[in-house]
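The structure appears right after this line, and notes come after that.
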Amino acid sequence: MKDKLKGLVIGILIGSTITGATALAATNSTPIKAAIQKLNLYVDGTKKSSFNAITYNNTTYVPARSVSQAFNQAISIKGDNLYIGKQPKFIVNEDNAYKYVYAKIKRDVDKYKLGMMDEGYSDDGKYFVIRVYENHPEYIVTWGFYYVELTNGAVYKYEIADNELVKL
């Protein structure tokens with residue numbers, strides 16, 4: 001019963017988060033009327049916490065952190081992903097992503113004096129993306145895009161023609 005309730009609450013939270021983000025990202029600014037109300041969260045009949053929630057258009061949006069704490073679960077956001085409960089282990093950050101790419105393409109970087117710049121996180125939040133380029137006086141040539149997997153440091157080159165990542 002607890003697992004079903006936990007899954008339901010987590011599903012509602014994720015749906016609410018996505019819906020809220022979509023409304024925020026809308027390009028046409030339209031004023032909305034929302035109510036803030038104090039809610040008590042009960043789990044299996046026991047009060048776990050109280051928090052402010054927003055009600056808009058007959059939908060109630062609750063803070064994910066409050067719910068995760070009520071279930072005594074960790075919560076984090078990485079890229080576009082919300083994690084409640086088991087957290088992924090990230091060994092790659094912006095600083096060491098360059099080292100992973102350089103280790104794979106060192107010979108070309110040194111030979112052609114290539115530069116590297118970050119492109120941020122991939123849309124799915126699983127990779128850190130680095131653009132490798134050659135700098136000429138009048139133009140810049142992109143050598144390639146390299147994706148470093150955040151959980152294990154694996155390096156992939158994006159093959160534009162095939163629209164796929166190829167592991168190096």
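Just so it is clear, the values below take in all heavy atoms, side chains as well, and ignore hydrogens, waters and symmetry mates.
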Can you measure from CG (D108) to CG (L114) and round to the nearest 0.5 angstrom?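 One finds 6.5 Å between CG of D108 and CG of L114.
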
T60 vs I54, test: side-chain contact (heavy atoms from CB on, under 4.5 Å). Steps then yes/no. CA-CA 6 Å; T60 302; I54 296 173; over 6 Å; no

Any side-chain donor-acceptor pair under 3.5 Å between D124 and S122?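 Judged by distance alone, the side chains do pair up.
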
Do Q69 and S49 have a side chain donor and acceptor closer than 3.5 Å?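 The criterion, which ignores hydrogens and geometry beyond distance, is not satisfied for S49 and Q69.
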
How close do [X] and [Y] get, counting heavy atoms only, and between which atoms?
| X | Y | result |
| --- | --- | --- |
| V101 | V148 | CG2-CG2, 3.5 Å |
| K33 | Y56 | O-CD1, 3.3 Å |
| I75 | S68 | CG2-OG, 3.4 Å |

Cluster question for you: counting only ILVMFWY and a side-chain heavy-atom cut-off of under 4.5 Å, with indirect links fine, are [X] and [Y] together?
| X | Y | answer |
| --- | --- | --- |
| F145 | V141 | no |
| I105 | V166 | no |
| M116 | V92 | yes |

Results of ring-ring contact (aromatic ring centres under 6.0 Å, His included) for Y98 - residues two or more places apart only: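 Y98: no ring-ring contact (aromatic ring centres under 6.0 Å, His included) contacts found.
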
Which residues share a side-chain contact (heavy atoms from CB on, under 4.5 Å) with [X], sequence neighbours left out:
| X | value |
| --- | --- |
| I160 | Y158 |
| K38 | S50, N52 |
| K157 | Y146, E159, L168 |

Would one find more than 12 heavy atoms of other residues, nucleotides or ligands at under 6.0 Å from atom CG of N135?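 Atom CG in N135 is packed in, count exceeds 12.
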
Verify the neighbour count for atom CD1 of I32: are there more than 12 heavy atoms of other residues, nucleotides or ligands below 6.0 Å?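 It does: I32 CD1 has more than 12 such atoms within range.
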
Yes or no on side-chain contact (heavy atoms from CB on, under 4.5 Å) for E119 and Y147, after CA distance, side-chain angles and deciding distance? CA-CA 10 Å; E119 294 288 321; Y147 287 63; over 6 Å; no

Sole residue of E149, E164, K167 in side chain to side chain donor-acceptor pair (under 3.5 Å) with Y156: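 Passing option: E149.
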
For Y100, side chain to side chain donor-acceptor pair (under 3.5 Å) partners two or more places apart: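 In terms of side chain to side chain donor-acceptor pair (under 3.5 Å), with neighbours along the sequence ignored, Y100 is linked to no residue.
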
Cut-off 3.5 Å, no hydrogens considered: what does the side-chain donor-acceptor table look like for residues 125-134, sequence neighbours left out?
unit_1 : atom_1 : unit_2 : atom_2 : d
R131   : NE     : T142   : OG1    : 3.0
R131   : NH2    : T142   : OG1    : 2.8

Hey, mind stepping through V109 and W143 against side-chain contact (heavy atoms from CB on, under 4.5 Å) and telling me if it holds? CA-CA 10 Å; V109 169; W143 189 266; over 6 Å; no

Between the main-chain N or O of K113 and the side-chain N or O of D110, is there a donor-acceptor pair closer than 3.5 Å?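 Not at all, since once roles are kept as given, no pair shorter than 3.5 Å links the two residues.
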
